[in-house]
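This structure is a prediction, so every number in the text was calculated from the model and none was measured.
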Amino acid sequence: MRTLIKKKTDVILLLICMGFYLFFPLYDGPVWCVDSASYASMHITREPLYPVFLWIFRSIFGEEAYLMPVALVQSLIAGYAAWRLAVTVREETEGSLPMAVLAMGFQFGVTFLCRFVANRGSAYTGSIMTEGLGLSLYLLFILRLYRYVTGEKGRDLAATACLALLLVNLRKQMLITLCLMAAVFVLYNLLKDRRIKKLLFLSVLTVGLLFLSRLTDRLYNYCVRGAWIEHSGNSMGLLCTLIYTSSEEDAGLFREEELRRMYQEIHEQAWQQGLNIAFAPEGWEGLSTHYADSYDAIGYGIINPVVQGVIREGREVTEVEEARLYDGYCSAMAQALISQEKGDLLRVYGANTLKGFINSIARVHPVLNPFALSAYGLYLSLYIFLSRKKKGQRDRALAFAEVVMGGIIINALVVGAMIFCQPRYMIYSMGLFYGALSLLVYDCIISVRKGMVQAWEKGY
């Protein structure tokens with residue numbers, strides 16, 4: 001009887017999840033965004049997975065009709081991921097339906113806030129952008145990594161590895177999945193248990209996934225362009241930040257005259273437009289906002305025209321040749337500018353990373369900043385309390401809290417070093433954070449209640 005009720009409940013939860021996420025593409029339709037064209041056209045600067053994903057639907061449904069099926073499938077995947085989270089939480093709380101619904105509700109809440117409160121005009125799952133797939137795949141990745149940590153089953157490790165590979169091929173930011181895998185494997189196989197051979201195997205697996213992702217990137221470009229290359233533009237992000245924190249004197253860091261002239265032109269234009277750290281307002285919030293506003297203006301408004309102008313001057317180049325030259329120039333300038341004085345660079349990194357941590361669970365705002373700090377403090381306090389209560393035990397709530405928080409920390413640190421921490425780069429763990437927090441609260445209540453019962457029984 002219990003099994004039948006459980007199956008019926010699972011079906012109902014699945015229908016609720018599917019209905020919630022399908023509402024958005026049916027309400028908004030598929031939403032074409034600023035970056036959508038570059039994915040649909042398989043631009044050389046894009047990672048392979050999403051362009052191929054769109055190409056498959058375009059091949060099946062045709063150029064005029066493929067966007068709606070894309071939005072519907074993305075929404076179905078999101079519904080499945082939210083349902084898997086609800087089922088996982090229910091299993092880990094001895095069948096607690098309220099806890100399952102709560103975890104599911106947090107995922108719904110993030111989507112609702114992004115669509116209606118942030119005034120985006122669409123849910124990410126209905127948009128033609130990598131987040132349409134990435135948010136769901138990341139949630140499934142976290143769940144599988146957590147299940148592997150607690151159960152150590154080969155199928156969970158295989159699923160974790162496959163999801164990580166998909167995510168890295170979706171957007172380069174998702175290299176954080178490999179970093180998180182490495183951190184979790186070290187935590188559980190070195191710091192908690194001395195299993196060196198197993199750690200060695202898992203380390204080889206993680207490094208292998210990194211090389212495999214580079215291989216699939218090259219294979220994709222070989223199939224599309226006939227060139228054995230990775231996607232272009234990897235150095236431009238770092239260069240934007242280095243230009244933002246650079247000074248006129250940094251021209252002396254360049255040995256090659258051509259690179260020096262390019263840098264001087266880029267820096268002069270950035271300075272004239274107020275796109276340098278020298279023009280940033282006081283305080284970390286003002287600095288992080290000015291940096292965010294300057295980032296794309298430097299990259300797309302200045303670096304690209306200057307570098308592409310040098311490449312195209314007096315010669316005709318193919319797309320692949322231009323991409324190779326562009327990456328070479330950007331990489332060389334970044335390598336030279338990395339030797340600049342680190343004070344401003346560290347200030348930008350600190351302010352940007354702090355913004356990343358806040359945007360991971362809330363939104364940078366005078367009212368929400370203290371809330372985010374309090375939420376992190378509560379999370380840490382409950383984690384420490386449970387760790388002391390269950391010392392030496394591999395507790396499921398603690399493991400889930402570690403995996404989720406590990407993802408937030410690594411994402412904030414990595415994104416903070418490479419690009420401005422706008423919400424769409426940071427919200428991958430937002431719903432998971434509050435789900436993990438609710439599990440910590442639940443476990444603390446259960447633990448305290450058991451302690452009170454034991455004390456009562458000893459007293460009598």
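- Residues Asp35 and Met129 form no side-chain contact, since every pair of their non-hydrogen atoms from C-beta on lies 4.5 Å or further apart.
- Under the 3.5 Å distance criterion, with hydrogens and angles disregarded, no donor-acceptor pair is assigned to the side chains of Gln107 and Thr111.
- At least one side-chain heavy atom of Leu205 sits less than 4.5 Å from a side-chain heavy atom of Leu157.
- Donor-acceptor pairing under 3.5 Å is lacking for the side chains of Ser41 and His43.
- Using a 4.5 Å heavy-atom threshold, the side chains of Asn359 and Gln422 count as separate.
- With Tyr379 contributing its side chain and Ala401 its backbone, the two residues share a donor-acceptor pair below 3.5 Å.
- Gly356 and Met426 get closest at one heavy-atom pair: O-CE, 3.6 Å.
- With hydrogens and angles left out, the side-chain atoms of Ser360 and Ser429 include no donor and acceptor closer than 3.5 Å.
- Residues Leu76 and Met18 have side chains in contact (heavy-atom distance under 4.5 Å, counting atoms from C-beta outward).
- Counting heavy atoms from C-beta on, the side chains of Arg424 and Glu131 come closer than 4.5 Å.
- Side chain to side chain, Ser232 and Asp327 meet the donor-acceptor criterion of an N or O pair below 3.5 Å.
- Formation of a donor-acceptor pair under 3.5 Å by the Tyr295 side chain with backbone atoms of Gly237 is found in this model.
- In this structure, Val364 and Asn369 approach most closely via the heavy-atom pair CA-OD1, 3.4 Å.
- With no hydrogens or angles considered, a side-chain donor-acceptor pair links Gln272 and Glu268 at under 3.5 Å.
- When atom types are taken as modelled, the side chain of Tyr434 and the backbone of Ile361 share a donor-acceptor pair closer than 3.5 angstrom.
- In this structure a side-chain-to-backbone donor-acceptor pair under 3.5 Å is present from Arg58 to Ala40.
- The minimum heavy-atom distance linking Ala362 with Met430 is given by the pair O-CE, 3.5 Å.
- No hydrogens or angles considered: nothing links the side chains of Gln340 and Ser247 as a donor-acceptor pair under 3.5 Å.
- Ring-centre distance between His290 and Tyr244: below the 6.0 Å cut-off.
- The aromatic rings of Tyr27 and Phe116 are tilted relative to each other, their planes meeting at an angle between 30° and 60°.
- In this structure, the side chains of Ile142 and Tyr428 stay at 4.5 Å or more apart for every pair of heavy atoms.
- Side-chain atoms of Tyr326 and Asn304 form a donor-acceptor pair, as typed in the model, at a separation below 3.5 Å.
- Counted by atom type alone, Tyr383 and Glu402 present one or more donor-acceptor pairs between their side chains at under 3.5 Å.
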**OP:** Begin with the C-alpha distance, continue with both residues' side-chain angles, and end with the deciding distance and a verdict on ring-ring contact (aromatic ring centres under 6.0 Å, His included) for Phe57 and Phe53.
**Re:** CA-CA 7 Å; Phe57 280 85; Phe53 179 73; 4.9 Å; yes
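- Taking the six-membered ring where the residue is Trp, Phe24 and Phe20 present perpendicular rings, their angle passing 60° and hence far from 30°.
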**OP:** Would you sort out whether Tyr376 and Phe433 count as a ring-ring contact (aromatic ring centres under 6.0 Å, His included), showing the intermediate values?
**Re:** CA-CA 9 Å; Tyr376 278 124; Phe433 173 85; 5.4 Å; yes
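- Side-chain N/O atoms of Tyr21 and Ser136 include no donor and acceptor closer than 3.5 Å.
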